[in-house]
Visitor: 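Starting off with a structure, shown below.
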Number of protein chains: 2
Amino acid sequence: MSLPHALLTSLLEKASSGYELARRFERSIGYFWKATHQQIYRELGRMEAKGWIAVTSEGPDRRSRKKVYHVLEAGRQALREWVSEPSHPMEPREDLMVKLRADAIIGPSGVEDELERRLALHRDLLADYRAIEARDFSRPKLAREDVIRYLILRCGIALEETYIAWSEEALATLRSPATEIFGEATKPGASSTKQDGK
Amino acid sequence: MSLPHALLTSLLEKASSGYELARRFERSIGYFWKATHQQIYRELGRMEAKGWIAVTSEGPDRRSRKKVYHVLEAGRQALREWVSEPSHPMEPREDLMVKLRADAIIGPSGVEDELERRLALHRDLLADYRAIEARDFSRPKLAREDVIRYLILRCGIALEETYIAWSEEALATLRSPATEIFGEATKPGASSTKQDGK
DNA sequence: AGGCATTATGCAACCAGTTGCAATACGGTC
DNA sequence: GACCGTATTGCAACTGGTTGCATAATGCCT
């Protein structure tokens with residue numbers, strides 16, 4: 001459960017309203033931690049109750065209903081603790097792989113289309129990342145903060161490149177006649193357990 | 001929601017009990033779709049109610065309470081449909097990246113330890129994958145099913161290699177004195193928004 | 001015979017995330 | 001002045017996943 005900490009981080013970067021955060025969570029931090037406005041409003045309420053954040057009432061923002069939050073010392077402390085605590089990586093949920101494995105067992109099923117779709121998504125994402133890289137990190141000397149942010153971005157870039165390369169290979173393999181013909185030809189030899197109610 | 005379909009796939013590969021599936025979901029399919037025994041039992045119940053699967057009552061398994069399920073035609077059909085439907089990739093939830101970004105904004109916090117821990121996990125995973133590769137896919141000619149399974153495995157391998165390379169780079173960067181000294185030195189120049197309740 | 005690990009199944013409560021809906025305010029357009 | 005897009009906040013219901021607990025049979029060790 002690290003949504004609150006993602007929000008704290010985002011609020012430390014810039015004090016914001018729930019609405020602004022929601023939009024920030026579609027890009028920026030959203031590239032590695034997505035959240036809907038619902039989750040955000042709810043969590044902001046909880047964090048305010050816990051004394052981690054508070055509404056900035058001063059300023060010319062009282063005309064609208066907009067509530068700009070900022071991080072309190074307790075929140076900063078909570079974030080610091082959370083960062084230094086060990087945590088488990090997320091359990092993987094790769095439905096594409098399930099689909100591929102299903103295809104392997106039930107036979108050709110059109111997964112290639114899905115693969116193609118995902119490949120396009122990865123290419124788009126990589127293009128986004130490259131644009132951010134050119135815009136924010138092409139200067140020669142970066143401050144510590146930016147070095148780290150660039151590190152995060154490079155992780156995304158490397159991952160997308162990996163996905164793209166793999167997807168292309170996968171598509172080529174699935175579409176190669178060898179997979180079809182040869183696969184069918186040697187199928188009887190494979191250990192295929194079929195059990196079906198009539 | 002693809003747990004039921006992951007279960008169908010696994011049951012098509014081999015008719016099994018909930019318990020066996022639960023163990024299978026710690027390795028094998030579990031490498032890309034994790035599920036606890038609770039989820040599995042519940043889902044098996046639902047799928048049985050929907051007529052997707054049924055208990056194989058025949059055989060010498062009636063002595064114990066063990067319930068071995070197999071896939072019915074309706075289940076196979078449901079799986080086939082699901083595979084050919086477009087689906088959304090999972091939203092990312094990378095708490096490590098959140099931690100790094102938090103570190104970037106609140107200053108050195110000991111993320112390196114976490115990075116090191118994750119790196120070790122990735123190395124272990126890669127070793128598992130390599131072992132599977134050597135055990136199952138070193139033969140020269142693979143049937144279609146195995147070609148696909150190997151493809152899935154190679155995705156895992158490529159991803160883990162990417163994570164490992166990136167983690168090493170990240171650790172080197174975070175620990176290099178340049179990041180520390182130079183980062184601190186140029187910090188005042190960066191656009192750091194600080195807002196804090198006293 | 002008693003104890004313990006493993007196999008095997010399941011309920012109940014909870015928590016995080018998703019979906020659908022709703023309301024109000026602001027600013028511009030036809 | 002009615003209409004529309006978008007900013008802005010929020011409730012309620014639901015679903016999928018997690019955690020803690022309960023139970024019973026099997027088989028092995030001592």
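Every heavy atom of this structure was used, including side-chain atoms; hydrogens, water molecules and symmetry mates were not. A note on names: the letters A, B, ... follow the listed sequences, proteins ahead of strands, and every chain is numbered from 1.
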Visitor: Measure CZ/B:R24 against P/C:dT7 and give the value in whole Å, please.
Guide: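 It works out to 14 Å between those atoms.
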
Visitor: Within less than 4.0 Å of OP1 or OP2 of D:dT9, is there a side-chain N or O belonging to A:S17?
Guide: yes

Visitor: By nearest atom, which of the nucleotides D:dT6, C:dT9, C:dA16 is closest to the A:Y19 side chain?
Guide: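 Of the options given, the side chain of A:Y19 lies nearest D:dT6.
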
Visitor: What residue among A:T56, A:L11, A:L21 forms side-chain contact (heavy atoms from CB on, under 4.5 Å) with A:Y69?
Guide: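 Exactly one pass, corresponding to A:L11.
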
Visitor: Do the charged groups of A:K66 and A:E20 touch, with an N to O distance under 4.0 Å?
Guide: yes

Visitor: In whole angstrom, what separates B:E91's CD from C:dG17's P?
Guide: 12 Å

Visitor: Whole angstroms only, please: what is the CD-C1' distance between A:E43 and C:dC15?
Guide: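 Rounding to the nearest Å, CD of A:E43 and C1' of C:dC15 are 11 Å apart.
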
Visitor: Rounded to whole Å, how long is the line connecting atom OH of B:Y69 with atom C1' of C:dA8?
Guide: 11 Å

Visitor: Confirm from the modelled atom types if A:R65 and D:dT9 form a donor-acceptor pair under 3.5 Å, side chain to base only.
Guide: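 In this structure, the two groups form no donor-acceptor pair.
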
Visitor: A:Q39 has a side chain; which of D:dT9, C:dT9, C:dT18 sits nearest to it?
Guide: C:dT18

Visitor: Does a side-chain N or O of B:R93 approach OP1 or OP2 of C:dG17 to a distance below 4.0 Å, or not?
Guide: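 So the side-chain polar atoms of B:R93 do come within 4.0 Å of the phosphate oxygens OP1 or OP2 of C:dG17, strictly under.
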
Visitor: At less than 3.5 Å, do the side-chain atoms of A:Q38 and the base atoms of D:dG10 form a donor-acceptor pair?
Guide: yes

Visitor: Could you give the NE2-to-P distance, from B:H37 to D:dG17, as a whole number of Å?
Guide: 15 Å

Visitor: With respect to the side chain of B:R46, which nucleotide from C:dG10, D:dG16, C:dT18 is positioned closest?
Guide: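 So the nucleotide nearest the side chain must be D:dG16.
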
Visitor: Do you see a donor-acceptor pair shorter than 3.5 Å between the side chains of A:S2 and B:D95?
Guide: no

Visitor: Rounded to whole Å, how long is the line connecting atom NZ of A:K34 with atom P of C:dG17?
Guide: 14 Å

Visitor: Rounded to the nearest angstrom, tell me the gap between atom OH in B:Y41 and atom C1' in C:dC11.
Guide: 13 Å

Visitor: Among the candidates D:dT8, C:dT7, D:dG17, find the nucleotide nearest to the side-chain atoms of B:R42.
Guide: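 For the B:R42 side chain, the nearest candidate turns out to be D:dG17.
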
Visitor: Only one of B:E161, B:E160, B:E168 clears salt bridge (charged side-chain N to carboxylate O under 4.0 Å, His left out) with B:R123; which?
Guide: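 Answer after filtering B:E161, B:E160, B:E168: B:E168.
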
Visitor: Nearest to the side chain of A:W33, which nucleotide is it out of C:dG17, C:dT6, D:dT8?
Guide: C:dG17

Visitor: When you get a sec, tell me which of C:dT18, D:dG16, C:dA8 is the closest nucleotide to the side chain of B:E20?
Guide: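 When the side chain of B:E20 is considered, C:dA8 is the closest of C:dT18, D:dG16, C:dA8.
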
Visitor: Show the numbers, then the answer: is there a ring-ring contact (aromatic ring centres under 6.0 Å, His included) between B:Y31 and B:Y129?
Guide: CA-CA 10 Å; B:Y31 285 125; B:Y129 290 164; 5.2 Å; yes

Visitor: Take atom CD1 of B:I40 and atom P of D:dT19, then tell me their distance rounded to the nearest Å.
Guide: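 Checked: the CD1 to P distance equals 15 Å.
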
Visitor: Looking at B:K67, I'd like to know whether one of its side-chain N or O atoms comes within less than 4.0 Å of OP1 or OP2 on C:dG10.
Guide: yes

